[in-house]
Visitor: 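I am attaching a structure below and will ask some questions about it afterwards.
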Number of protein chains: 2
Amino acid sequence: MTNKFPQRSHCPINYALESFGDKWTLLIIRDLMFNDKQSYGDFLASGEKISTNILADRLKRLEELGIVTKGAQAPNRSKVAYSLTQKGRDLLPIMLEITRWSGKYDADTYASRSFLMRLEQDRDKLIAAIRAGW
Amino acid sequence: MTNKFPQRSHCPINYALESFGDKWTLLIIRDLMFNDKQSYGDFLASGEKISTNILADRLKRLEELGIVTKGAQAPNRSKVAYSLTQKGRDLLPIMLEITRWSGKYDADTYASRSFLMRLEQDRDKLIAAIRAGW
DNA sequence: CTGTATCCTTAGGGATACTG
DNA sequence: CAGTATCCCTAAGGATACAG
(Lines give C-alpha, C1' and ligand atoms only; values in the text may rest on other atoms or scores of the structure.)
Protein backbone atom coordinates (compact mmCIF):
# COMPACT_ATOMS: atom_id res chain seq x y z
CA MET A 1 0.00 0.00 0.00
CA THR A 2 1.11 3.53 -0.59
CA ASN A 3 1.68 5.51 2.53
CA LYS A 4 -0.72 8.30 3.29
CA PHE A 5 2.12 10.30 4.78
CA PRO A 6 5.17 9.97 2.57
CA GLN A 7 8.31 11.21 4.25
CA ARG A 8 11.00 13.31 2.66
CA SER A 9 13.55 11.56 4.84
CA HIS A 10 13.77 9.43 7.97
CA CYS A 11 15.28 12.11 10.11
CA PRO A 12 13.56 12.61 13.48
CA ILE A 13 13.46 16.38 13.01
CA ASN A 14 11.83 15.84 9.67
CA TYR A 15 9.31 13.42 11.18
CA ALA A 16 8.28 16.09 13.64
CA LEU A 17 8.05 18.71 10.91
CA GLU A 18 5.80 16.51 8.87
CA SER A 19 3.64 15.86 11.91
CA PHE A 20 3.19 19.40 13.17
CA GLY A 21 5.43 21.60 11.02
CA ASP A 22 2.93 24.22 9.99
CA LYS A 23 1.59 27.43 11.41
CA TRP A 24 -1.53 26.04 13.05
CA THR A 25 -1.21 22.51 14.41
CA LEU A 26 0.79 23.38 17.50
CA LEU A 27 -1.74 26.04 18.46
CA ILE A 28 -4.45 23.40 18.68
CA ILE A 29 -2.19 21.23 20.80
CA ARG A 30 -1.42 24.22 23.00
CA ASP A 31 -5.13 24.85 23.52
CA LEU A 32 -5.71 21.23 24.47
CA MET A 33 -2.67 21.03 26.70
CA PHE A 34 -2.67 24.32 28.55
CA ASN A 35 -5.91 26.15 27.92
CA ASP A 36 -8.58 23.60 28.82
CA LYS A 37 -10.10 23.81 25.39
CA GLN A 38 -11.62 20.75 23.84
CA SER A 39 -14.33 21.69 21.40
CA TYR A 40 -14.31 22.88 17.83
CA GLY A 41 -15.78 26.18 18.93
CA ASP A 42 -13.15 26.58 21.63
CA PHE A 43 -10.35 26.31 19.08
CA LEU A 44 -12.07 28.69 16.70
CA ALA A 45 -12.25 31.27 19.46
CA SER A 46 -8.50 31.40 20.02
CA GLY A 47 -6.62 34.60 19.42
CA GLU A 48 -4.98 33.60 16.17
CA LYS A 49 -8.33 33.31 14.37
CA ILE A 50 -7.98 30.00 12.61
CA SER A 51 -10.56 29.50 9.90
CA THR A 52 -13.07 26.69 9.86
CA ASN A 53 -11.70 24.75 6.95
CA ILE A 54 -8.16 24.81 8.30
CA LEU A 55 -9.28 23.77 11.75
CA ALA A 56 -11.27 20.85 10.43
CA ASP A 57 -8.35 19.77 8.29
CA ARG A 58 -5.84 19.91 11.14
CA LEU A 59 -8.10 18.08 13.58
CA LYS A 60 -8.59 15.32 11.06
CA ARG A 61 -4.89 15.10 10.45
CA LEU A 62 -4.09 15.07 14.15
CA GLU A 63 -6.50 12.21 14.59
CA GLU A 64 -4.91 10.28 11.74
CA LEU A 65 -1.52 10.81 13.29
CA GLY A 66 -2.77 9.49 16.61
CA ILE A 67 -2.03 12.70 18.48
CA VAL A 68 -5.63 13.64 19.20
CA THR A 69 -8.79 11.61 19.74
CA LYS A 70 -12.33 12.63 19.16
CA GLY A 71 -14.09 11.97 22.42
CA ALA A 72 -17.26 9.92 22.62
CA GLN A 73 -19.82 12.64 22.93
CA ALA A 74 -22.85 12.12 25.11
CA PRO A 75 -25.86 10.93 23.07
CA ASN A 76 -28.06 13.98 23.37
CA ARG A 77 -25.39 16.62 23.34
CA SER A 78 -23.91 18.07 20.20
CA LYS A 79 -20.66 18.96 21.97
CA VAL A 80 -17.68 17.02 20.72
CA ALA A 81 -14.72 16.78 23.05
CA TYR A 82 -11.25 16.37 21.61
CA SER A 83 -8.39 15.27 23.77
CA LEU A 84 -4.73 14.40 23.54
CA THR A 85 -3.55 10.82 23.29
CA GLN A 86 -0.41 9.65 25.03
CA LYS A 87 1.46 10.54 21.87
CA GLY A 88 0.00 14.01 22.12
CA ARG A 89 0.72 14.40 25.82
CA ASP A 90 4.28 13.35 25.12
CA LEU A 91 4.67 16.62 23.27
CA LEU A 92 4.68 18.43 26.60
CA PRO A 93 8.48 18.58 26.97
CA ILE A 94 8.74 20.11 23.52
CA MET A 95 6.06 22.64 24.36
CA LEU A 96 7.80 23.57 27.58
CA GLU A 97 11.15 24.07 25.90
CA ILE A 98 9.52 26.18 23.22
CA THR A 99 7.83 28.30 25.87
CA ARG A 100 11.11 28.74 27.67
CA TRP A 101 12.93 29.74 24.48
CA SER A 102 10.26 32.23 23.45
CA GLY A 103 10.13 33.58 26.95
CA LYS A 104 13.80 34.33 26.68
CA TYR A 105 13.76 35.94 23.24
CA ASP A 106 10.33 37.38 22.62
CA ALA A 107 9.91 40.62 24.47
CA ASP A 108 6.20 40.60 23.73
CA THR A 109 5.34 37.07 24.67
CA TYR A 110 2.50 36.85 27.13
CA ALA A 111 4.08 34.02 29.01
CA SER A 112 4.51 36.24 31.99
CA ARG A 113 7.58 36.15 34.14
CA SER A 114 5.68 34.42 36.90
CA PHE A 115 4.44 31.76 34.52
CA LEU A 116 7.96 31.13 33.31
CA MET A 117 9.24 30.84 36.85
CA ARG A 118 6.54 28.37 37.69
CA LEU A 119 7.38 26.48 34.55
CA GLU A 120 10.98 26.18 35.69
CA GLN A 121 9.89 24.87 39.04
CA ASP A 122 7.28 22.44 37.79
CA ARG A 123 8.97 21.31 34.63
CA ASP A 124 10.50 18.07 35.84
CA LYS A 125 7.42 17.22 37.81
CA LEU A 126 5.18 17.76 34.78
CA ILE A 127 7.41 15.71 32.53
CA ALA A 128 7.67 12.91 35.04
CA ALA A 129 3.88 12.85 35.24
CA ILE A 130 3.61 12.67 31.48
CA ARG A 131 6.07 9.81 31.31
CA ALA A 132 4.17 7.93 33.95
CA GLY A 133 1.12 8.14 31.71
CA TRP A 134 -0.81 10.74 33.70
CA MET B 1 7.63 51.88 12.20
CA THR B 2 5.72 48.89 11.02
CA ASN B 3 7.11 45.63 12.22
CA LYS B 4 8.66 43.37 9.63
CA PHE B 5 7.34 40.36 11.50
CA PRO B 6 3.78 41.04 12.59
CA GLN B 7 2.57 38.53 15.13
CA ARG B 8 -0.81 36.90 15.14
CA SER B 9 -0.68 36.86 18.92
CA HIS B 10 1.80 37.19 21.76
CA CYS B 11 1.70 33.56 22.74
CA PRO B 12 5.13 31.94 23.13
CA ILE B 13 4.08 28.95 21.06
CA ASN B 14 2.98 31.31 18.35
CA TYR B 15 6.26 33.23 18.53
CA ALA B 16 8.13 30.01 17.90
CA LEU B 17 5.81 29.06 15.05
CA GLU B 18 6.39 32.39 13.39
CA SER B 19 10.14 31.98 13.84
CA PHE B 20 10.56 28.44 12.55
CA GLY B 21 7.08 27.08 11.93
CA ASP B 22 7.52 25.85 8.41
CA LYS B 23 8.73 22.70 6.74
CA TRP B 24 12.32 23.77 6.10
CA THR B 25 13.80 26.11 8.71
CA LEU B 26 14.41 23.51 11.37
CA LEU B 27 16.25 21.31 8.90
CA ILE B 28 18.82 24.04 8.36
CA ILE B 29 19.20 24.44 12.10
CA ARG B 30 19.57 20.68 12.43
CA ASP B 31 22.34 20.68 9.83
CA LEU B 32 24.16 23.47 11.62
CA MET B 33 23.71 21.95 15.05
CA PHE B 34 24.30 18.28 14.51
CA ASN B 35 25.67 17.68 11.06
CA ASP B 36 28.66 19.99 10.86
CA LYS B 37 27.25 21.74 7.85
CA GLN B 38 27.86 25.41 7.38
CA SER B 39 27.80 26.32 3.72
CA TYR B 40 25.04 26.96 1.24
CA GLY B 41 26.10 23.92 -0.72
CA ASP B 42 26.11 21.76 2.40
CA PHE B 43 22.48 22.59 3.09
CA LEU B 44 21.51 22.04 -0.51
CA ALA B 45 22.99 18.56 -0.36
CA SER B 46 20.80 17.39 2.52
CA GLY B 47 18.42 14.52 2.01
CA GLU B 48 15.24 16.56 1.85
CA LYS B 49 16.31 18.35 -1.33
CA ILE B 50 15.55 21.93 -0.49
CA SER B 51 15.54 24.17 -3.54
CA THR B 52 17.84 27.13 -4.00
CA ASN B 53 15.29 29.89 -3.70
CA ILE B 54 13.78 28.45 -0.53
CA LEU B 55 17.19 27.97 1.05
CA ALA B 56 18.26 31.51 0.29
CA ASP B 57 15.00 32.82 1.67
CA ARG B 58 15.26 30.86 4.91
CA LEU B 59 18.88 31.77 5.50
CA LYS B 60 18.03 35.41 5.09
CA ARG B 61 15.13 35.12 7.45
CA LEU B 62 17.17 33.24 10.03
CA GLU B 63 19.72 36.02 9.92
CA GLU B 64 17.06 38.65 10.37
CA LEU B 65 15.71 36.76 13.35
CA GLY B 66 19.17 36.60 14.87
CA ILE B 67 19.29 32.83 14.92
CA VAL B 68 22.05 32.44 12.36
CA THR B 69 25.02 34.60 11.38
CA LYS B 70 26.81 34.73 8.12
CA GLY B 71 30.45 34.14 8.92
CA ALA B 72 33.22 36.40 7.70
CA GLN B 73 34.51 34.46 4.78
CA ALA B 74 38.21 34.50 3.99
CA PRO B 75 39.04 37.11 1.34
CA ASN B 76 40.05 34.84 -1.48
CA ARG B 77 37.65 32.03 -0.85
CA SER B 78 34.12 31.96 -2.08
CA LYS B 79 33.02 29.70 0.77
CA VAL B 80 30.60 31.33 3.17
CA ALA B 81 30.27 29.83 6.62
CA TYR B 82 26.98 30.15 8.46
CA SER B 83 26.78 29.48 12.15
CA LEU B 84 24.32 29.57 14.99
CA THR B 85 24.09 32.51 17.35
CA GLN B 86 23.40 32.04 21.03
CA LYS B 87 19.71 32.36 20.20
CA GLY B 88 20.17 29.57 17.71
CA ARG B 89 22.17 27.37 20.04
CA ASP B 90 19.46 27.83 22.62
CA LEU B 91 17.21 25.82 20.37
CA LEU B 92 19.14 22.71 21.34
CA PRO B 93 16.78 21.61 24.13
CA ILE B 94 13.87 21.84 21.72
CA MET B 95 15.75 19.84 19.13
CA LEU B 96 16.62 17.17 21.66
CA GLU B 97 13.05 16.84 22.85
CA ILE B 98 11.84 16.61 19.27
CA THR B 99 14.39 13.90 18.56
CA ARG B 100 13.32 11.99 21.61
CA TRP B 101 9.64 12.24 20.69
CA SER B 102 10.21 11.16 17.10
CA GLY B 103 12.46 8.35 18.29
CA LYS B 104 9.58 7.07 20.36
CA TYR B 105 6.88 7.33 17.71
CA ASP B 106 8.46 7.09 14.30
CA ALA B 107 9.35 3.52 13.50
CA ASP B 108 11.36 4.65 10.52
CA THR B 109 13.37 7.40 12.08
CA TYR B 110 17.07 7.08 11.58
CA ALA B 111 17.85 8.23 15.06
CA SER B 112 19.11 4.82 15.96
CA ARG B 113 18.54 3.28 19.34
CA SER B 114 22.15 3.85 20.29
CA PHE B 115 21.92 7.52 19.34
CA LEU B 116 18.83 7.94 21.45
CA MET B 117 20.49 6.26 24.41
CA ARG B 118 23.46 8.54 24.08
CA LEU B 119 21.11 11.50 23.84
CA GLU B 120 19.50 10.49 27.12
CA GLN B 121 22.88 10.26 28.79
CA ASP B 122 24.31 13.46 27.40
CA ARG B 123 21.19 15.57 27.37
CA ASP B 124 21.68 17.48 30.59
CA LYS B 125 25.34 17.91 29.89
CA LEU B 126 24.65 19.34 26.44
CA ILE B 127 22.02 21.69 27.73
CA ALA B 128 24.24 22.87 30.55
CA ALA B 129 26.94 23.59 28.01
CA ILE B 130 24.52 25.59 25.88
CA ARG B 131 23.36 27.62 28.85
CA ALA B 132 26.93 28.36 29.79
CA GLY B 133 27.36 29.85 26.34
CA TRP B 134 29.44 27.09 24.78
C1' DC C 1 30.45 28.20 -4.88
C1' DT C 2 26.84 31.39 -3.52
C1' DG C 3 23.44 32.95 -4.61
C1' DT C 4 19.32 35.54 -8.10
C1' DA C 5 15.81 35.42 -11.27
C1' DT C 6 12.06 33.49 -13.57
C1' DC C 7 8.44 30.53 -14.69
C1' DC C 8 4.93 27.82 -13.30
C1' DT C 9 2.19 24.73 -10.28
C1' DT C 10 0.31 23.50 -6.09
C1' DA C 11 -0.87 24.06 -1.36
C1' DG C 12 -2.38 27.06 2.25
C1' DG C 13 -5.63 29.67 3.81
C1' DG C 14 -9.27 33.81 4.46
C1' DA C 15 -14.29 34.75 3.94
C1' DT C 16 -18.53 33.31 3.97
C1' DA C 17 -22.59 30.57 3.16
C1' DC C 18 -24.66 26.53 4.22
C1' DT C 19 -26.06 21.76 6.37
C1' DG C 20 -27.15 17.97 9.95
C1' DC D 1 -22.59 23.44 17.71
C1' DA D 2 -19.75 21.03 14.51
C1' DG D 3 -18.55 20.82 10.75
C1' DT D 4 -18.73 21.07 4.79
C1' DA D 5 -18.43 23.40 0.71
C1' DT D 6 -17.05 27.09 -2.34
C1' DC D 7 -14.83 30.78 -4.11
C1' DC D 8 -10.87 33.07 -4.66
C1' DC D 9 -6.35 34.74 -3.71
C1' DT D 10 -1.71 34.53 -2.04
C1' DA D 11 2.23 32.26 -0.41
C1' DA D 12 5.08 28.26 -0.81
C1' DG D 13 7.72 25.80 -3.39
C1' DG D 14 9.82 22.82 -7.49
C1' DA D 15 12.76 23.27 -11.74
C1' DT D 16 15.95 25.34 -14.05
C1' DA D 17 18.78 28.91 -16.02
C1' DC D 18 21.84 32.37 -15.08
C1' DA D 19 25.21 35.72 -12.67
C1' DG D 20 29.03 37.47 -9.54
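Throughout, protein chains are lettered first and strands after them, A, B, ... in sequence-line order, and every chain is numbered starting at 1.
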Visitor: Compute the bend angle of the helix from C/dC1-D/dG20 to C/dG20-D/dC1 from the end axes (five pairs per end), rounded to 10°.
Guide: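 Inter-axis angle at the ends, rounded: 40°.
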Visitor: Who passes salt bridge (Lys or Arg N to Asp or Glu O under 4.0 Å) against B/E63, sequence neighbours left out?
Guide: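 So B/E63 forms no salt bridge (Lys or Arg N to Asp or Glu O under 4.0 Å) with any residue.
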Visitor: Would you tell me if any nitrogen or oxygen in the side chain of B/K70 comes within less than 4.0 Å of OP1 or OP2 on C/dG3?
Guide: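 So the side-chain polar atoms of B/K70 do come within 4.0 Å of the phosphate oxygens OP1 or OP2 of C/dG3, strictly under.
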Visitor: May I have all residue pairs that pass ring pair (Phe, Tyr, Trp, His ring centres under 6.0 Å) and include part of residues 79-107 of chain B, sequence neighbours excluded?
Guide: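 Every pair satisfying ring pair (Phe, Tyr, Trp, His ring centres under 6.0 Å) with a residue in residues 79-107 of chain B: A/Y15-B/W101, A/F20-B/W101, B/W101-B/Y105.
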Visitor: Ignoring backbone atoms, test whether B/K79 places a side-chain nitrogen or oxygen under 4.0 Å from the OP1 or OP2 oxygen of C/dG3.
Guide: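 So the side-chain polar atoms of B/K79 never come under 4.0 Å of the phosphate oxygens OP1 or OP2 of C/dG3.
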Visitor: Determine whether B/R100 and B/R123 make a side-chain contact, defined as any pair of heavy atoms from C-beta on separated by less than 4.5 Å.
Guide: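 When only atoms from C-beta onward are counted, B/R123 and B/R100 do touch, with a gap below 4.5 Å.
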Visitor: Got a sec, which residues hit salt bridge (Lys or Arg N to Asp or Glu O under 4.0 Å) with A/D106, two or more places apart in sequence or on another chain?
Guide: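 Testing A/D106 for salt bridge (Lys or Arg N to Asp or Glu O under 4.0 Å), a comparison that skips the adjacent residues, returns none.
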Visitor: What residues in residues 39-47 of chain B put a non-hydrogen atom under 4.0 Å from any atom of DNA chain C?
Guide: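 Residues of residues 39-47 of chain B under 4.0 Å from DNA chain C: B/S39, B/Y40, B/G41.
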Visitor: Nearest heavy-atom pair of A/T109 and A/S102: which atoms, and what distance?
Guide: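 Shortest heavy-atom contact: CG2-O, 4.1 Å.
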Visitor: Tell me, for nucleotides 11-17 of chain D in 5' to 3' order, what letter each nucleotide earns: B for a base near a protein heavy atom under 4.0 Å, S for only sugar-phosphate near one, - for neither?
Guide: --BBBB-
Visitor: What integer distance in Å separates A/I28:CD1 from D/dG3:P?
Guide: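 Spelled out: CD1 on A/I28 to P on D/dG3 is 12 Å.
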Visitor: Mind checking what makes salt bridge (Lys or Arg N to Asp or Glu O under 4.0 Å) contact with B/D42, not counting sequence neighbours?
Guide: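 Checked B/D42 against salt bridge (Lys or Arg N to Asp or Glu O under 4.0 Å); zero matches.
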Visitor: Atom CG of A/L59 to atom C1' of D/dG3: distance rounded to whole Å?
Guide: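 Answer to the nearest Å: 10 Å.
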Visitor: What is the separation between atom CG on A/D57 and atom C1' on D/dG3, rounded to the nearest whole Å?
Guide: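 One finds 13 Å between C1' of D/dG3 and CG of A/D57, rounded.
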Visitor: Taking only residues two or more places apart in sequence, or in another chain, which ones meet A/N35 in a side chain to side chain donor-acceptor pair (under 3.5 Å)?
Guide: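 A/N35: side chain to side chain donor-acceptor pair (under 3.5 Å) contacts with A/D31.
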Visitor: How many Å lie between CD on B/Q38 and P on C/dT2, as a whole number?
Guide: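 Distance check: B/Q38 CD to C/dT2 P gives 10 Å.
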Visitor: Per the ring pair (Phe, Tyr, Trp, His ring centres under 6.0 Å) rule, what does the pair list look like for residues 24-54 of chain A, sequence neighbours excluded?
Guide: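 Qualifying pairs: none.
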Visitor: Could you work out, with salt bridge (Lys or Arg N to Asp or Glu O under 4.0 Å) as the rule, every residue matching A/R118, not counting sequence neighbours?
Guide: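 A/R118 satisfies salt bridge (Lys or Arg N to Asp or Glu O under 4.0 Å) with no residue once adjacent residues are dropped.
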Visitor: Using the side chain to side chain contact (heavy atoms under 4.5 Å, CB included) criterion, which residues pair with A/T85? Sequence neighbours excluded.
Guide: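 A/T85 satisfies side chain to side chain contact (heavy atoms under 4.5 Å, CB included) with A/T69, A/K87 only.
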Visitor: Whole angstroms only, please: what is the CG-C1' distance between A/L55 and C/dG14?
Guide: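 Answer to the nearest Å: 14 Å.
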Visitor: If you look only at pairs with a residue in residues 9-18 of chain A, which of them pass as a salt bridge (charged side-chain N to carboxylate O under 4.0 Å, His left out), with sequence neighbours excluded?
Guide: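 The answer is A/R8-A/E18.
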Visitor: Strictly below 4.0 Å: does A/Y82 bring a side-chain N or O up to OP1 or OP2 of D/dG3?
Guide: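 Indeed, a polar side-chain atom of A/Y82 lies that close.
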